[in-house]
S.K.: 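Supplied in structure tokens, the structure appears directly below.
All figures in this text were calculated on a predicted structure; none of them were measured in a lab.
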Amino acid sequence: MDSESLSYRHSTEDNPLLVFLCNYYSLSLLFLSVDNLLRYFHGENDALEVPVQAPKRPHTLPTAGIEVMRGLSMHDFLSKLEPFLRSVVREEVERGMLLYMQSSPKPSLNQLEESGSRGWQLHFINRLPGTLFTGSRIEAENGEPLKIVIVDASSKSITTYGPLSSIKIEILVLDGDFGADEEEDWTEKEFDNSVIREREGKRPLVTGDLVITMKDGVGLLGEIAFTDNSSWIRSRKFRLGARAVQSTCGEERIREARSGAFIVKDHRGELYKKHHPPSFNDEVWRLERIGKDGAFHTRLASKGVKTVQDFLRLYVIDQSLLRSILGSGMSNKTWETIVQHATACILDDKFYTYYSANQKVELFFNSIYEVIGATFEGHYHSLANLNTSQMILVEGLKRQAYRNVNDIVEMKETPADGPMRPLPLLQVGAIQGSSLDVQHPDLPFSLQGILL
């Protein structure tokens, strides 16, 4: 055998795909010859360009020889040979494809980890509050159960069917410094290195239902609570993490979930926590930047401002007076923070009225004494529908009402043509009545005595 033939044979043996193609080509020619022979014996030989010749040498296939020796006609022999050849071709195709796939280079696990390329990802879809307390159930900001979903990484859609939609996931605690960038990717090793365990001699850091089963691609956290605060780690914050339980997800790579960072305080701190949003009846120290029994709380209480509703009513009536009570040393940023928290309070559906017998006009107020409309000649008009002369009259009557707050009374029933629309929230920086010349109004209830 010459050197060129040896080189060719060596190159084909090293290339499984080339070997497969050569074998497939040879078998295809053999199958085509058999097909032509069958067509010839069925009377279709006129269309063939290559005549069928009798074999010059005996058949080498054992079964073919046996069939010929049994006296089969050539037509019967070829009819029996055709299924055999089809089976051989199919087996050769499958074997060749398998050899090619096995010889193809595959990315290593490290390469997959470094690129972060995974087909599925776990995600927390609602937010945790900024502060949690030991012993209290871990819930989302709105008080609903924390929800985790598994999504397709490319389409970002929830995987609602198939084995991955019902996998088990475990809940862990992560360092608050793990991944400041919300869009950041990470490897499995990096995630494992960020897991926080309990302090020596302490109970497990979190207790409860730490393994949950997804249903239709969604999982809800049950009774889970922290047993220790977060002050002992460098970041002073924790995150929650979720990862698939390996025994339930097979070989699939599923990226772990990571929540936002939060502080965990001891349960006794819950007695002093702020409410978001605050309610009317909350004590005023529940507002941000007003500490219980602190300087701001003491000053407000001395003037009868004891609840969030008291704070908001005085804010509407005379903003500058309210700020002066808090003291001139308070920064603008602190003031804005307090007001922003207070105005997040959701108003109730109560209405109040002030009637001027002289003008025969009745003003309508919401629960914090914002004017929302008025009646003229027995017909109700919202502020947006008042003309210029009516607006001037309403502004004057509003000043008069604020000087005689005791005459603003709650409505027991709302007239058929009275205010029925939802009440708006206050906007930070809005000054209702700040341009008014309030001259020592007679404030009711807890506001009595503020303007002494």
S.K.: Hey, does Glu139 have a side-chain heavy atom less than 4.5 Å from the side chain of Leu146?
M.R.: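 No, their side chains stay 4.5 Å or more apart.
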
S.K.: Can you name the residues that form a side chain to side chain contact (heavy atoms under 4.5 Å, CB included) with Ile392, not counting sequence neighbours?
M.R.: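 Residues passing side chain to side chain contact (heavy atoms under 4.5 Å, CB included) with Ile392: Thr388.
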
S.K.: Would you say the side chain of Ile368 lies within less than 4.5 Å of the side chain of Phe280, judging by non-hydrogen atoms?
M.R.: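 Counting from C-beta outward, Phe280 and Ile368 do come under 4.5 Å.
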
S.K.: Tell me the closest heavy-atom pair linking Thr213 and Ser166, and the distance in Å.
M.R.: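 Closest approach of Thr213 to Ser166: CG2-O, 3.7 Å.
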
S.K.: Does a donor on one side chain and an acceptor on the other come within less than 3.5 Å for Asn332 and Thr334?
M.R.: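 Judged by distance alone, the side chains do not pair up.
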
S.K.: If you look at every heavy atom in Ala242 and Leu122, which pair is closest and at what distance?
M.R.: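 Distance-wise, the nearest heavy atoms are O-CD1, 3.6 Å.
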
S.K.: Can Ile325 and Leu300 be said to form a side chain to side chain contact (heavy atoms under 4.5 Å, CB included), step by step?
M.R.: CA-CA 7 Å; Ile325 293 173; Leu300 290 170; 4.0 Å; yes

S.K.: Under a 4.5 Å cut-off applied to non-hydrogen side-chain atoms, are Lys147 and Val218 in contact?
M.R.: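 Yes, side chains in contact.
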
S.K.: Going by side-chain hydrogen bond (donor to acceptor under 3.5 Å, both in side chains), name the residues that satisfy it together with Ser389, two or more places apart in sequence or in a different chain.
M.R.: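 Once residues adjacent in sequence are excluded, the partners of Ser389 under the side-chain hydrogen bond (donor to acceptor under 3.5 Å, both in side chains) criterion are Asn387.
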
S.K.: Can you measure from CE (Met214) to CG (Leu220) and round to the nearest 0.5 angstrom?
M.R.: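 Result: 9.5 Å between the selected atoms.
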
S.K.: Checking Asp282 side chain against Ser279 main chain: does a donor-acceptor pair fall under 3.5 Å?
M.R.: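 Indeed, once roles are kept as given, a pair shorter than 3.5 Å links the two residues.
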
S.K.: Report the C-alpha separation of Leu205 and Phe238 in whole Å, then their side-chain angles, then the decisive distance to 0.1 Å, and conclude whether the side chain to side chain contact (heavy atoms under 4.5 Å, CB included) test is met.
M.R.: CA-CA 11 Å; Leu205 192 52; Phe238 290 145; 4.0 Å; yes

S.K.: If you round to the nearest 0.5 Å, how far is OG of Ser230 from CD1 of Ile196?
M.R.: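 One finds 10.5 Å between CD1 of Ile196 and OG of Ser230.
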
S.K.: Suppose we screen for side-chain hydrogen bond (donor to acceptor under 3.5 Å, both in side chains). Which residues come up paired with Ser324, at least two apart in sequence or across chains?
M.R.: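 With sequence neighbours excluded, Ser324 shows a side-chain hydrogen bond (donor to acceptor under 3.5 Å, both in side chains) to no residue whatsoever.
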
S.K.: Over all heavy atoms of both residues, which pair between Val394 and Ala374 is shortest? Give the atoms and the distance, please.
M.R.: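 Heavy atoms of Val394 and Ala374 come nearest at CG2-CB, 4.0 Å.
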
S.K.: Quick check for you: to the nearest 0.5 Å, what is the distance between Asp216 atom CG and Thr160 atom OG1?
M.R.: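 If we round to the nearest 0.5 Å, Asp216:CG and Thr160:OG1 are 6.5 Å apart.
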
S.K.: Assess whether side chain to side chain contact (heavy atoms under 4.5 Å, CB included) is satisfied between Leu240 and Ile138, documenting all intermediate values.
M.R.: CA-CA 10 Å; Leu240 282 185; Ile138 299 175; 4.0 Å; yes

S.K.: Which pair of non-hydrogen atoms, one from Ser157 and one from Ser155, has the smallest distance, and what is that distance?
M.R.: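 Looking at all heavy atoms of both residues, the closest pair is OG-OG, 2.7 Å.
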
S.K.: Is the shortest side-chain heavy-atom distance between Gln121 and His123 below 4.5 Å?
M.R.: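 Yes. Closest side-chain heavy atoms under 4.5 Å.
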
S.K.: Could you tell me whether a side-chain N or O of Asp310 sits under 3.5 Å from a main-chain N or O of Thr307, the two making a donor and an acceptor?
M.R.: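 Side chain of Asp310 to backbone of Thr307: a pair is present.
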
S.K.: Do any side-chain atoms of residues 351-363 form donor-acceptor pairs under 3.5 angstrom with protein atoms, and if so which ones, sequence neighbours left out?
M.R.:
residue: Tyr352; atom: OH; partner: Arg313; partner atom: NH2; Å: 3.4
residue: Tyr354; atom: OH; partner: Gln400; partner atom: NE2; Å: 2.6
residue: Ser356; atom: OG; partner: Gln359; partner atom: N; Å: 3.3

S.K.: Measure the shortest side-chain to side-chain distance between Cys345 and Pro278 over non-hydrogen atoms and say whether it is less than 4.5 angstrom.
M.R.: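 Yes; the side chains approach each other to less than 4.5 Å.
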
S.K.: Could you tell me whether a side-chain N or O of Gln340 sits under 3.5 Å from a main-chain N or O of Thr337, the two making a donor and an acceptor?
M.R.: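 No.
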
S.K.: Crowded around Lys156 NZ? As in, over 12 foreign heavy atoms under 6.0 Å?
M.R.: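 Correct, the count exceeds 12.
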
S.K.: With distance as the sole test, does Thr375 use its side chain to make a donor-acceptor pair with the main-chain N or O of Tyr380 at under 3.5 Å?
M.R.: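 No, Thr375 side chain to Tyr380 backbone: no donor-acceptor pair under 3.5 Å.
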
S.K.: Give the intermediate values and the outcome of side chain to side chain contact (heavy atoms under 4.5 Å, CB included) for residues Trp120 and Ile167.
M.R.: CA-CA 12 Å; Trp120 294 271; Ile167 63 171; over 6 Å; no

S.K.: List in chain and number order the residues that pass salt bridge (Lys or Arg N to Asp or Glu O under 4.0 Å) with Arg323, two or more places apart in sequence or in another chain; answer none if no residue qualifies.
M.R.: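 Salt bridge (Lys or Arg N to Asp or Glu O under 4.0 Å) check on Arg323 returns nothing, list empty.
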
S.K.: Could you pull out the closest heavy-atom pair between Gly217 and Ile158, with the gap in Å?
M.R.: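 Taking every non-hydrogen atom into account, O-CG2, 3.8 Å.
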
S.K.: Has the side chain of Arg239 got a donor or acceptor atom that lies under 3.5 Å from a matching backbone atom of Phe178?
M.R.: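 Yes, Arg239 side chain to Phe178 backbone: donor-acceptor pair under 3.5 Å.
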
S.K.: Restricting to pairs with a member in residues 150-171, which pass ring pair (Phe, Tyr, Trp, His ring centres under 6.0 Å), not counting sequence neighbours?
M.R.: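 Not a single pair qualifies under ring pair (Phe, Tyr, Trp, His ring centres under 6.0 Å).
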
S.K.: Under 30°, 30 to 60°, or over 60°: which ring-plane class applies to Phe365 and Tyr369, parallel, tilted or perpendicular?
M.R.: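 Ring orientation of Phe365 relative to Tyr369: perpendicular.
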
S.K.: Please report the interatomic distance CG(Leu221) to CD(Glu144), rounded to the nearest 0.5 Å.
M.R.: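 Rounded to the nearest 0.5 Å, the CG-CD separation comes out at 13.5 Å.
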
S.K.: For Phe262, check ring-ring contact (aromatic ring centres under 6.0 Å, His included) against everything at least two apart and list the hits.
M.R.: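 Checked Phe262 against ring-ring contact (aromatic ring centres under 6.0 Å, His included); matches are Phe226.
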
S.K.: Is the backbone of Pro204 close enough, under 3.5 Å, to the side chain of Thr227 for a donor and an acceptor to pair up by distance?
M.R.: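 A pair under 3.5 Å: yes.
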
S.K.: Below 4.5 Å, heavy atoms only, C-beta onward: do Asp177 and Arg234 meet side chain to side chain?
M.R.: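 Answer yes - side chains close enough.
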
S.K.: Is it true that Glu336 and Lys333 make a salt bridge, defined as a side-chain N closer than 4.0 Å to a carboxylate O?
M.R.: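 Looking at Glu336 and Lys333, the cut-off is not met.
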
S.K.: Where do Leu383 and Met391 come nearest, in terms of heavy atoms and distance?
M.R.: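 So the two residues come closest at O-SD, 4.0 Å.
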
S.K.: Trp186 ring centre to Arg255 NZ or CZ under 6.0 Å, with the angle to the axis within 45°?
M.R.: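 Relative to the ring axis of Trp186, which defines the angle, Arg255 lies inside both limits.
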
S.K.: Please round to the nearest 0.5 Å and tell me the distance separating atom CZ of Arg403 and atom CZ of Arg399.
M.R.: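 Here the interatomic distance stands at 8.0 Å.
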
S.K.: Filter on salt bridge (charged side-chain N to carboxylate O under 4.0 Å, His left out), then keep only pairs touching residues 195-210, sequence neighbours left out; what's left?
M.R.: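 Sorted pair list: Arg199-Asp228.
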
S.K.: Checking Ser235 now: which residues fulfil side-chain hydrogen bond (donor to acceptor under 3.5 Å, both in side chains) with it, not counting sequence neighbours?
M.R.: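 For Ser235, the residues satisfying side-chain hydrogen bond (donor to acceptor under 3.5 Å, both in side chains) (neighbours in sequence not counted) are Asp175.
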
S.K.: I need the Glu190 CD to Asp185 CG distance, nearest 0.5 Å.
M.R.: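 These two atoms lie 8.5 Å from each other.
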
S.K.: Side-chain contact test, heavy atoms from C-beta onward, threshold under 4.5 Å: evaluate it for Val371 versus Lys398 and give yes or no.
M.R.: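 Answer yes - side chains close enough.
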
S.K.: Would the distance check show the side chain of Lys274 and the main-chain N or O of Ile290 forming a donor-acceptor pair, the cut-off being under 3.5 Å?
M.R.: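 Such a contact is found between Lys274 side chain and Ile290 backbone.
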
S.K.: Which residues satisfy the ring-ring contact (aromatic ring centres under 6.0 Å, His included) test with Phe296, sequence neighbours excluded?
M.R.: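 For Phe296, no residue satisfies ring-ring contact (aromatic ring centres under 6.0 Å, His included) once neighbours in sequence are set aside.
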
S.K.: Would you say Ile125 and Ile148 make side-chain contact, with heavy atoms under 4.5 Å?
M.R.: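 Of all side-chain heavy-atom pairs linking Ile148 with Ile125, none is under 4.5 Å.
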
S.K.: Residues in side-chain hydrogen bond (donor to acceptor under 3.5 Å, both in side chains) with Glu170, at least two apart?
M.R.: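 Partners of Glu170 under the side-chain hydrogen bond (donor to acceptor under 3.5 Å, both in side chains) test: Arg243.
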
S.K.: Kindly indicate, with the supporting measurements, whether the criterion salt bridge (Lys or Arg N to Asp or Glu O under 4.0 Å) is fulfilled by Glu283 and Arg286.
M.R.: CA-CA 6 Å; Glu283 294 185 73; Arg286 295 284 187 183; 5.9 Å; no

S.K.: Say whether, by atom type as modelled, one donor and one acceptor occur between the side chain of Arg236 and the main chain of Ser231 under 3.5 angstrom.
M.R.: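 Such a contact is found between Arg236 side chain and Ser231 backbone.
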
S.K.: Got a donor-acceptor contact below 3.5 angstrom from the His341 side chain to the Glu288 backbone?
M.R.: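 Answer holds: yes.
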
S.K.: Got a sec, which residues hit ring-ring contact (aromatic ring centres under 6.0 Å, His included) with His275, two or more places apart in sequence or on another chain?
M.R.: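 If we apply the ring-ring contact (aromatic ring centres under 6.0 Å, His included) test to His275, skipping adjacent residues, there are no hits.
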
